[in-house]
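Here's the structure, in structure tokens; my notes come after.
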Number of protein chains: 2
Amino acid sequence: MSVHRDIRSPTQDCGECPIRHRAVCARCETDELAQLEQIKYYRSYQAGQTVIWSGDKMDFVASVVTGIATLTQTMEDGRRQMVGLLLPSDFVGRPGRSAAAYDVTATTDLVMCCFRRKPFEEMMASTPHIAHRLLEMTLDELDAAREWMLLLGRKTAREKISSLLAIIARRDASLKEPRADLGAITFDLPLTREEMADYLGLTLETVSRQMSALKRDGIITLDGKRHVTIPSVDALMEETGDDSDGGFLV
Amino acid sequence: MSVHRDIRSPTQDCGECPIRHRAVCARCETDELAQLEQIKYYRSYQAGQTVIWSGDKMDFVASVVTGIATLTQTMEDGRRQMVGLLLPSDFVGRPGRSAAAYDVTATTDLVMCCFRRKPFEEMMASTPHIAHRLLEMTLDELDAAREWMLLLGRKTAREKISSLLAIIARRDASLKEPRADLGAITFDLPLTREEMADYLGLTLETVSRQMSALKRDGIITLDGKRHVTIPSVDALMEETGDDSDGGFLV
DNA sequence: CGGCTGGTTGATCACTCTCAAGCGTGGTGG
DNA sequence: CCACCACGCTTGAGAGTGATCAACCAGCCG
């Protein structure tokens, strides 16, 4: 295994970028992309590595290109709460803020497309496409955070676990070719039991117990610790406590 | 008591507006304000009145001018979670979305400055000042939501109550003339016990018990049910579980 | 082999919820 | 004027969910 370090990956062409159509740069015209190419650089992290600590100086903002990162808050006595799960195309950092507000950690191997903060802020001021897309993404994140507040405040342990599995399943389904949602869905959990607990506001023991309970009840099948199969998405959704209809808003 | 209705207040001059320097219009130049005046109208609600139900068509966005409103989510079986507390200058609604995502309720008498959605969206496209300010406000709200996630997921009932009191005390102090923070702070709770419970992910009984406990321990003094005095803000902060230093970020 | 990490399971504890009774105030109607 | 009720709130007793403490297991690596 290689040493603990930041790896500068070779710069890639934005045209080839897997998150080209979803990230903060999604709305940019080719000339704007060219400008972004000037100030961008890639950075890689290994699974488990810390990207930045809360309070540290942060002289860049970034998009997650591949892999998964988390945002966590920690109290003085060690209690931890995950407050964000960053997937490919998600944005890290806050324009106008020079220090990180949360711990950012790579939970899988991670590649980020970074922009030096100052030039990025200047570009934001001059190209409305970026600011507009960032607003849209931030509003989406705010909605997701509020959904999560309902989960943290009011759902039972079983509902929390089911909701997390449903979210991962849904996202995984949207990444793979959009086959029928009918049949069984299979995916690998990108989180350890402890990370799941930090996300859900539970202890890892409770997570483990509820996973076992869902397995016992036939809601999920486990192959190893991480490989999950959902025989019936409907049955899983029944366990989340959410409205049956997704209730999608435009 | 007057009947249940929306009251159209007479249009006021933006120059006189109490939230002129903090709301979504804060950055606007006088000509932009003039444009906003064209599409704005005031609306008043009585304490307890519902502004809009989740899922309802929402053909406006708005700023809270005076009073307090809440955003809540409700599960099928009636469990409720507040996901936003809207104070003067806060923004309601989402550009680009035609239906409300949450129930919006006036917890005190409320005046909102509303903008018809379509014209507002057009103005956003043409005047970067508005979009920029909205981005800034949304990022602030996202931070607040994440702070709240820590509270909901990891804090004890006593810490939750203390945190809520601290938040209200801090805000109240910032509204009144900025006197010394040293002495006692006094304010009226704008929320019922039940609303506090919905905010904190607790039951109203637990809220009541913890309020009594804080009173017993001399952290707060109660005069009636709603009028609260904090003899020592430091002592209160000790109870919140938060870092002693506010940990403010720029 | 031994140690380490991640995970499971058991026993017990305690915090918060649930159910229930009761208080005080303000409003309404007889 | 008082009885009555509704509402917001408090307090108590008991129950239950999830936390805590602890033992143990499996896989992996040195």
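Numbers restart at 1 for each chain; the letters A, B, ... are given by sequence-line order, proteins then strands. Since the structure is predicted, the reported quantities are computational estimates derived from the model, not experimental observations.
In the displayed structure, B/R154 atom CZ is contacted under 6.0 Å by more than 12 heavy atoms of other residues, nucleotides or ligands.
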Determine, step by step, whether A/E195 and A/T107 satisfy the side chain to side chain contact (heavy atoms under 4.5 Å, CB included) criterion, reporting the C-alpha distance in whole Å, the side-chain angles of both residues, the deciding distance to 0.1 Å, and the verdict.
-> CA-CA 9 Å; A/E195 286 163 341; A/T107 61; 3.5 Å; yes

Run the numbers on B/R94 and A/D143 for salt bridge (charged side-chain N to carboxylate O under 4.0 Å, His left out), then give the verdict.
-> CA-CA 10 Å; B/R94 174 164 175 172; A/D143 279 337; 3.0 Å; yes

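Of the candidates B/V111, B/V92, B/L87, B/V92 is the only one forming a side-chain contact (heavy atoms from CB on, under 4.5 Å) with B/V64. With A/D188 as the fixed residue, the side-chain hydrogen bond (donor to acceptor under 3.5 Å, both in side chains) test singles out one of A/H227, A/R226, A/K225: A/H227.
The CZ-C1' distance, from B/R193 to D/dC7, rounds to 14 Å in whole Å. Atoms CD (B/E159) and P (C/dC15) sit 12 Å apart, rounded to a whole Å. Distance CG (A/L222) to C1' (C/dT8): 12 Å, rounded to an integer number of Å. Distance NZ (B/K160) to C1' (C/dT16): 9 Å, rounded to an integer number of Å. Between the CD atom of A/E194 and the P atom of D/dA19 there is a distance of 13 Å, rounded to whole Å.
Side chains of B/T240 and B/S163: a donor-acceptor N/O pair is absent below 3.5 angstrom, by distance only.
Against DNA chain D, the stretch residues 198-220 of chain B makes heavy-atom approaches under 4.0 Å through B/L204, B/E205, B/S208, B/R209, B/S212. Across residues 148-158 of chain A, not one residue has a non-hydrogen atom less than 4.0 Å from an atom of DNA chain C.
OP1 or OP2 of D/dC9 sits under 4.0 Å from a side-chain N or O of B/R226.
Here the side chain of A/S208 pairs no donor or acceptor atom with the backbone of A/L204 at under 3.5 angstrom.
When all heavy atoms of A/I219 and A/P231 are compared, the closest pair comes out as O-CD, 3.3 Å.
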